[in-house]
Amino acid sequence: MQEIQGKKFSVGILGGTGMVGQRFIQILHNHPWFDISVIAASPNSEGKYYSEAVSNRWLLDEPIPENVKNIKLENVNNVRKIADSVDFVFSAVSLSKDEIKKIEEDYAKTETPVVSNNSAHRWTPDVPMIIPEINPEHSEIIHAQRKRLGTSKGFIAVKPNCSIQSYAPALAAWREFEPYEVIATTYQAISGAGKNFNTWPEMVGNVIPFISGEEEKSEKEPLRIFGKIQGGEIVPAKEPVISAQCVRIPVLYGHTAATFVKFRKNPSDKELLIAKLREFKGVPQELELPCAPKNFIQYFDEDDRPQVAKDVNYENGMGVSFGRLRKDSIYDWKFVGLSHNTLRGAAGGAVECAELLVAQKFIAKK
């Protein structure tokens with residue numbers, strides 16, 4: 001694992017009281033590179049101790065870490081004050097899309113890098129949207145973004161939607177076979193909506209066949225991940241064309257995807273496809289980044305795996321599980337995938353992205 005020289009990076013968490021913010025807290029409280037210096041939330045929470053602010057709405061199974069309980073919350077709108085106290089920030093603010101765009105750019109313009117879990121900047125042409133194992137080279141677009149923002153150190157980077165983590169890694173592992181048409185149906189946990197069963201009792205024993213905005217994200221975001229940098233922006237790939245259907249199910253953590261794929265170079269060998277999954281790794285594994293799974297992808301030969309109850313926490317929730325790969329009567333192949341939506345799909349993915357950006361020297365200490 002790469003070592004960080006000297007003291008840890010001072011980190012701020014914008015929107016630290018919601019579910020994703022809480023997950024940031026849980027991941028970062030003993031991180032080897034990053035130290036939580038500031039937690040920011042809405043003006044109504046300013047001045048409260050963190051433990052006080054979340055006492056009745058702590059949503060994770062793990063307890064509130066002791067070393068953050070007595071941190072006093074800052075007003076997320078006090079951009080300059082917070083920026084002066086940190087090397088970079090993670091963003092999980094709950095505002096309108098336009099408000100998020102503005103406040104993240106405001107922080108970036110103070111020469112403070114922003115690594116965001118939000119969707120507001122995912123389609124800003126010069127903002128990289130990164131799954132570190134798949135498209136780490138997209139960070140190079142930061143140079144163009146800094147020119148636009150007029151910064152030398154500040155920038156915004158984002159991670160993609162949690163729903164694509166359960167099938168996009170397989171498509172990446174199989175790129176040489178040229179997947180060109182995909183159908184993906186995702187069965188998504190309630191924590192993806194920032195809730196648990198105490199705060200959303202209507203989901204017990206229920207299925208809701210609609211998640212606002214999710215299908216468009218599931219269809220379009222993988223194409224940006226697979227795109228290329230051209231002329232100072234990221235140009236999305238044209239294939240694979242994806243049709244998605246997204247369903248909310250009564251599971252706390254874990255998004256499952258049932259996926260069908262057509263290939264231009266259809267491999268007839270199932271074992272070859274499985275081997276490509278098991279062998280797939282990226283820069284985070286090569287660099288041994290702190291949050292990177294040692295093995296990004298696992299494949300199950302058993303017909304009844306992956307299962308949420310057994311497999312969602314694979315590699316501390318940062319790995320992805322696949323199974324049930326078989327030939328299809330209409331498409332070429334079909335399979336089932338599973339990923340942890342608040343770890344790999346949200347806060348954990350953002351932390352791994354920040355680790356990558358540190359290793360690439362885009363994030364530096366002030």
Side-chain angles (χ1 to χ4, degrees), residues 1-4 8-9 11 13 16 19-36 58-68 90 92 115 117 130-134 136 159-170 172-173 188-189 191-192 196 251-257 277-300 305-323 337-359:
M1 182 177 69
Q2 286 198 352
E3 297 296 330
I4 295 298
K8 294 181 181 181
F9 287 80
V11 175
I13 302 172
M19 176 170 274
V20 174
Q22 291 175 21
R23 186 62 81 181
F24 274 124
I25 297 288
Q26 182 256 325
I27 294 170
L28 293 170
H29 80 277
N30 60 358
H31 193 280
W33 293 5
F34 306 146
D35 185 51
I36 301 171
W58 181 256
L59 298 168
L60 305 184
D61 296 331
E62 303 86 352
I64 303 170
E66 289 295 327
N67 62 346
V68 302
F90 290 105
V115 181
N117 184 76
I130 298 174
I131 296 178
E133 285 82 359
I134 298 176
K159 52 147 290 298
N161 197 49
C162 53
S163 65
I164 76 171
Q165 313 286 334
S166 301
Y167 57 92
Q188 300 186 202
S191 56
N196 59 21
V251 166
L252 182 56
Y253 298 118
H255 288 355
T256 299
L277 293 175
R278 287 174 169 160
E279 294 167 2
F280 187 77
K281 64 180 181 179
V283 171
Q285 286 69 44
E286 295 169 2
L287 297 179
E288 297 182 345
L289 298 178
C291 279
K294 183 177 180 181
N295 297 302
F296 181 37
I297 294 173
Q298 67 174 341
Y299 181 84
F300 290 102
R305 304 283 286 278
Q307 295 180 22
V308 169
K310 295 181 178 180
D311 306 312
V312 74
N313 290 313
Y314 168 61
E315 289 277 18
N316 297 314
M318 291 297 291
V320 180
S321 302
F322 294 106
L338 171 67
S339 63
H340 197 301
N341 56 294
T342 69
L343 288 168
R344 165 54 65 175
V351 173
E352 188 186 35
C353 182
E355 293 168 355
L356 173 71
L357 292 166
V358 168

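Between Gln165 and Pro160, the closest side-chain pair of non-hydrogen atoms falls below 4.5 Å. Side-chain atoms of Trp33 and Pro290, non-hydrogen and from C-beta on, do get closer than 4.5 Å to each other. Under the 4.5 Å side-chain criterion, counting only non-hydrogen atoms from C-beta, Leu28 is in contact with Phe90. The closest side-chain heavy-atom distance from Phe34 to Glu355 is below 4.5 Å. Val308 has its side chain out of reach of Tyr253: every pair of non-hydrogen atoms, C-beta onward, lies at least 4.5 Å apart. A heavy-atom distance below 4.5 Å is not found between the side chains of Asn341 and Val312. Side-chain atoms of Ile27 and Arg23, non-hydrogen and from C-beta on, do get closer than 4.5 Å to each other. The shortest distance between side-chain heavy atoms of Ser321 and Arg305 does not fall below 4.5 Å.
Of all the heavy atoms in Gly16 and Ile13, the pair that sits closest is CA-CG2, 3.8 Å. Residues Gly337 and Phe322 come closest through the heavy atom pair CA-CD2, 3.5 Å. Contact record, Asp311 with Pro306: OD2-CA, 3.1 Å, taken as the closest heavy-atom pair. Pairing each heavy atom of Thr342 with each of His340, the nearest pair is OG1-CE1, 3.1 Å. The two residues Gly345 and Asn117 come nearest to each other via the heavy atoms O-OD1, 4.4 Å. Pairing each heavy atom of Gln285 with each of Ala292, the nearest pair is NE2-CB, 4.0 Å.
Within 6.0 Å of CG on Asn67 lie more than 12 heavy atoms contributed by other residues, nucleotides or ligands.
The distance from the NZ atom of Lys310 to the CG atom of Leu338 is 13.0 Å, given to the nearest 0.5 Å. The structure places CD1 of Ile297 at 8.5 Å from CD of Glu133, a figure rounded to the nearest 0.5 Å. Rounding to the nearest 0.5 angstrom, the gap separating the CD atom in Glu62 from the CG atom in Leu60 is 5.5 Å. Summarising the geometry, atom NZ belonging to Lys159 is positioned 8.5 Å from atom CD1 belonging to Ile131; distances are rounded to the nearest 0.5 Å. To the nearest 0.5 angstrom, Leu289 atom CG is 6.5 Å from Leu356 atom CG. Atom CD1 of Ile25 and atom CD1 of Ile64 lie 9.5 Å apart (nearest 0.5 Å).
With hydrogens and angles ignored, the 3.5 Å screen pairs a side-chain donor or acceptor of His255 with a backbone N or O of Ala189. Put simply, the side chain of Asp35 never gets that close to the backbone of Phe9: no donor and acceptor are under 3.5 Å apart. Although no hydrogens or angles enter the test, the distance criterion places a donor-acceptor pair under 3.5 Å between the side chain of Tyr314 and the main chain of Asn295. Checking side-chain atoms of Ser191 against main-chain N and O of Leu252 turns up a donor-acceptor pair under 3.5 Å. Although no hydrogens or angles enter the test, the distance criterion places a donor-acceptor pair under 3.5 Å between the side chain of Glu315 and the main chain of Lys294. Here the side chain of Ser166 pairs no donor or acceptor atom with the backbone of Ala257 at under 3.5 angstrom. A donor-acceptor pair under 3.5 Å is absent between the side-chain atoms of Glu352 and the main chain of Gly349, judged by distance alone.
Side-chain N/O atoms of Ser339 and Arg344 include no donor and acceptor closer than 3.5 Å.
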